[in-house]
A.B. asks: 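Have a look at the structure that comes next, please.
Throughout, a chain's letter reflects where its sequence line sits, starting with A, and its residues are numbered from 1.
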Protein chains: 2
Amino acid sequence: MKVSAQEEYGLRCLLQLASLADEESLTLAQVAEREGISQANAGKLLWILNKAGLVTSTRGTKGGYRLARPATQVRLSEVIKVLDEDVLASHCKSYTGVLDSCVHNGNCGIRPVIVGLHEVVEQALSNITLAQLVGTESKVKTTLYNIHALPRTTTQGRRA
Amino acid sequence: MKVSAQEEYGLRCLLQLASLADEESLTLAQVAEREGISQANAGKLLWILNKAGLVTSTRGTKGGYRLARPATQVRLSEVIKVLDEDVLASHCKSYTGVLDSCVHNGNCGIRPVIVGLHEVVEQALSNITLAQLVGTESKVKTTLYNIHALPRTTTQGRRA
DNA sequence: CGCAATCTTGACTTAAAAGTAAGGTATTCC
DNA sequence: GGAATACCTTACTTTTAAGTCAAGATTGCG
């Protein structure tokens, strides 16, 4: 169970846009530079987010990207779903071993766990908005603790 | 956020062993056949589980695999951790873009979310034992609902 | 108009995960 | 003690996800 590169970097790009003032926007090169990823990669991620309606883009000399909605109205559950496109739906189709369909078809003890896990995760993420992730790490941690979206964590570890 | 092949198949192999009576055991070929995966693959997974102390193996003509502990005493959180080896610990080291370390080093708004997510998942999984996953899908679903480890899910969908 | 800045899009390359193969080692039964 | 059975381990191949590249399209400015 892990967070994919696309989820991580995609969310980070979005967060850059969330930290802007109204009417501001960032160019592809700026987002890439601020996140330490290549321009090509940032372009792909922002395109996915654009296609999904989370960001808007304008072309031309004064172009750039910005959030399609205020950061207070974008839930993390939606962001992750977009960057991840329906992992749950394809789960049982993917893990069929060497056969055409899963041997447990129609009667699988694991399935309720997988489904439940995704619901637990979505539930937790739906209580967090982009706006709540803008700021310092310690501030964010306090905010998340106060809304009880995630369990309290001890203050340790570094980075990002 | 998805469940990897190794987690899925590894758990399924373990579940086969959990469904055995005392003193029974399964050979590699039997596990592979029952799960519809190749013998080579099952061997690798069982080796990981063996190394981690979750299953024991005996060689020779009457050999095979069995659980190292009763299924009632094996929590899913432990199983997943073994099959997944410390994704969390390596998260920030992995996603550094084109740089040597993450640009948010020491101050990352996303980190609390990632840490929290893994805790939410672990928390949910720690309330489930292998024994509770043996049986039909509908029975398992009922059991999970009763222990409130996972949120209730509507009865729909097939397989897994 | 025409050039420069910027996003768009599909094909290609690279890196990581998953799965396979094969030879080695230990154990049991006769 | 020998042969058959079955696990152990490393190296290799395949598949999939991640990331890059380059040509195309759109807009603003002089």
A.B. asks: Under the 3.5 Å rule, do the base of C:dT28 and the side chain of B:Thr61 count as making a donor-acceptor pair?
C.D. replies: yes
A.B. asks: List the steps and the verdict of side-chain contact (heavy atoms from CB on, under 4.5 Å) for B:Val115 and A:Lys141.
C.D. replies: CA-CA 10 Å; B:Val115 172; A:Lys141 200 181 287 183; over 6 Å; no
A.B. asks: Mapping A:Asn50 and B:Gly60 to their closest nucleotides on DNA chain C, which lands nearer the 5' end?
C.D. replies: A:Asn50
A.B. asks: Within less than 4.0 Å of OP1 or OP2 of D:dA6, is there a side-chain N or O belonging to B:Ser57?
C.D. replies: no
A.B. asks: Base, sugar-phosphate, or nothing for B:Gly43, non-hydrogen atoms under 4.0 angstrom?
C.D. replies: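 No contact.
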A.B. asks: Quick one: does B:Ile48's side chain get under 4.5 Å of B:Leu54's, heavy atoms only?
C.D. replies: no
A.B. asks: Answer yes or no: does a side-chain N or O of A:Lys2 lie under 4.0 Å from OP1 or OP2 of C:dA17?
C.D. replies: yes
A.B. asks: Taking atom P of D:dC7 as reference, at what distance in whole Å does atom CD of B:Gln30 sit?
C.D. replies: 9 Å
A.B. asks: Quickly work out the A:Trp47 CH2 to C:dC7 P distance and round it to whole Å.
C.D. replies: 16 Å
A.B. asks: Once you round it to whole Å, what is the distance between C1' of C:dT6 and CZ of A:Arg66?
C.D. replies: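 These atoms are roughly 14 Å apart.
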A.B. asks: Take atom CG of A:Asn41 and atom P of D:dC21, then tell me their distance rounded to the nearest Å.
C.D. replies: 11 Å
A.B. asks: Between C1' on D:dT16 and CD on B:Gln6, what's the gap in Å once rounded to a whole number?
C.D. replies: 15 Å
A.B. asks: Decide yes or no, distance alone: a donor-acceptor N/O pair under 3.5 angstrom between the base of C:dT8 and the side-chain of A:Arg59.
C.D. replies: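 When only heavy-atom distances are counted, A:Arg59 does not reach the base of C:dT8 through any donor-acceptor pair under 3.5 Å.
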A.B. asks: Please compare B:Gln39 and B:Gly97 by the position of their nearest nucleotide in DNA chain D and report the one closer to 5'.
C.D. replies: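 Result: B:Gln39.
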A.B. asks: Just to confirm, is there a sub-4.0 Å distance from OP1 or OP2 of C:dT8 to any side-chain nitrogen or oxygen of A:Tyr65?
C.D. replies: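 Looking at the OP1 and OP2 atoms of C:dT8, one of them is under 4.0 Å from a side-chain N or O of A:Tyr65.
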A.B. asks: Go through the side-chain N and O atoms of A:Gln30 and A:Thr27 and say whether any donor and acceptor fall under 3.5 Å apart.
C.D. replies: no
A.B. asks: When you check the phosphate oxygens OP1 and OP2 of C:dA5, does a side-chain N or O of A:Thr27 lie under 4.0 Å from one of them?
C.D. replies: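 False: A:Thr27 side-chain N/O out of range (4.0 Å or more) of C:dA5 OP1/OP2.
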A.B. asks: Measure from NZ on A:Lys62 to P on D:dG30 and round the result to the nearest Å.
C.D. replies: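 Atom-to-atom, A:Lys62 to D:dG30, this comes out as 10 Å.
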A.B. asks: Nearest-Å distance, CG (A:Leu26) to P (C:dA5)?
C.D. replies: 18 Å
A.B. asks: With respect to the side chain of A:Lys44, which nucleotide from D:dA18, D:dC8, C:dC7 is positioned closest?
C.D. replies: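 Shortest atom-to-atom distance from the side chain points to D:dA18.
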A.B. asks: How long is the line joining CD of B:Glu8 and C1' of C:dG19, in whole Å?
C.D. replies: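 After rounding, the gap between these two atoms is 16 Å.
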A.B. asks: Looking at B:Thr143, B:Val140, B:Leu76, which one forms a side-chain contact (heavy atoms from CB on, under 4.5 Å) with B:Ile128?
C.D. replies: B:Leu76
A.B. asks: Could you check B:Val98 against B:Gly63 and say which one's nearest nucleotide on DNA chain D is further toward the 5' end?
C.D. replies: B:Gly63
A.B. asks: For A:Ala40, answer base if it contacts any base atom (sugar-phosphate contacts may also be present), sugar-phosphate if it contacts only those atoms, and nothing otherwise; contact means non-hydrogen atoms under 4.0 Å.
C.D. replies: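 Contact class for A:Ala40: base.
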A.B. asks: Going by atom types alone, do B:His91 and A:Glu8 pair a side-chain donor with an acceptor below 3.5 Å?
C.D. replies: yes
